[in-house]
Amino acid sequence: MEPGIKATKERVVTDELTAKAFGSGELEVFATPAVIALAEETAWNSVAGELEPGQGTVGTRIELSHIAATPVGMKVCCETELTAVDRRKLTFSVAVYDEKEKIAEGIHERFIVDNKAFQEKADAKNN
């Protein structure tokens with residue numbers, strides 16, 4: 001896998017995606033946790049086709065500045081670019097826009113994992 005892989009994902013802000021609904025605030029604007037989830041979804045989808053069968057990626061770090069509010073009903077678009085590959089570590093740049101302006105920017109890191117082994121290790125915590 002090489003740097004340069006880009007992806008975009010659009011979403012309309014709904015009542016379920018607001019700070020009020022997420023419990024991250026009282027306002028009916030696009031929630032920061034929803035911005036983060038959109039960034040992660042865009043990034044992992046962008047590289048999913050490049051992985052070996054049985055592999056996936058997990059988010060390990062995100063540094064995001066949520067710099068502008070977006071009301072319910074407005075469309076948002078997340079853009080990611082794979083900027084670095086260090087063995088299993090993938091680094092992405094993230095930019096999110098609404099219909100008027102940039103609303104968030106940052107860096108996101110993911111690690112390539114063996115899905116079965118990763119899930120088994122997590123499930124073992126229940127024993």
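Keep in mind it's a predicted model, so treat the numbers as computed, not measured.
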Side chain to side chain contact (heavy atoms under 4.5 Å, CB included) involving A104 - partner list, sequence neighbours excluded: V35, L64, V96
Is a side-chain N or O of T83 found less than 3.5 angstrom from the main chain of T91, in a donor-acceptor match? yes
Heavy-atom pair with the smallest gap, counting every atom of A95 and K102: CB-CE, 4.4 Å
What's the shortest heavy-atom distance between A84 and P3, and which atoms? CA-CG, 4.1 Å
Do Q119 and D123 have side-chain atoms, one donor and one acceptor, less than 3.5 Å apart? yes
Could you tell me whether K9 and E79 make a salt bridge, using a distance below 4.0 angstrom between a side-chain N and a carboxylate O? no
Do you reckon I62 sits in the same ILVMFWY cluster as L38, going by side-chain contacts under 4.5 Å, direct or chained? yes
Is there a donor-acceptor contact under 3.5 Å from the side chain of H108 to the main chain of R110? no
Rounded to the nearest 0.5 Å, what separates atom CD in E41 from atom OG1 in T80? 10.5 Å
Checking side chain to side chain contact (heavy atoms under 4.5 Å, CB included) for the pair C78/V94: CA distance, chi angles, key distance, verdict? CA-CA 7 Å; C78 179; V94 176; 4.1 Å; yes
I need the I103 CD1 to C77 SG distance, nearest 0.5 Å. 10.0 Å
Can you list the steps and then say if M1 with L82 is a side chain to side chain contact (heavy atoms under 4.5 Å, CB included)? CA-CA 10 Å; M1 188 175 320; L82 180 62; 3.8 Å; yes
If I take atom CZ from residue F30 and atom CG from residue D98, how far apart are they, to the nearest 0.5 angstrom? 9.5 Å
Does I107 offer a backbone N or O that forms a donor-acceptor pair with the side chain of E63 under 3.5 Å? no
Rounded distance [0.5 Å steps], CD in E40 versus CG in N45: 11.5 Å
Check: R88 side chain, I112 main-chain N or O, donor-acceptor pair, under 3.5 Å: yes
With a 4.5 Å limit on heavy-atom distance, are the side chains of L17 and F22 in contact? yes
What about F111 and V47, same hydrophobic cluster or not, with Ile/Leu/Val/Met/Phe/Trp/Tyr joined at side-chain heavy-atom distances under 4.5 Å? no
Test item: F118 and V58 side chains (from C-beta on) under 4.5 Å apart, heavy atoms: yes
Counting only heavy atoms not in E26, do more than 12 sit closer than 6.0 Å to its CD atom? no
Mind running side chain to side chain contact (heavy atoms under 4.5 Å, CB included) on L51 and T57 for me, showing each step along the way? CA-CA 9 Å; L51 301 172; T57 63; 4.0 Å; yes
Any donor-acceptor pair under 3.5 Å from D86 side chain to K89 backbone: no
To the nearest 0.5 angstrom, please state how far the NZ atom of K75 sits from the OH atom of Y97. 15.5 Å
Is a donor on one side and an acceptor on the other found under 3.5 Å between the side chain of N115 and the backbone of Q55? yes
Given the rule in the side chain to side chain contact (heavy atoms under 4.5 Å, CB included) test, do F92 and S46 qualify, once you have shown the distances and angles that lead to the verdict? CA-CA 10 Å; F92 298 84; S46 74; 3.5 Å; yes
Linking I/L/V/M/F/W/Y whenever any side-chain heavy atoms sit under 4.5 Å apart, do I5 and V85 land together? yes
Ion pair present between E28 and K20, side-chain N to carboxylate O less than 4.0 angstrom? yes
Greater than 12 external heavy atoms within 6.0 Å of E2's CD: no
Would you say the side-chain atoms of E16 and T14 include a donor-acceptor pair closer than 3.5 Å? yes
Where V76 and V13 come nearest, the two heavy atoms and their spacing: CG1-CG2, 3.9 Å
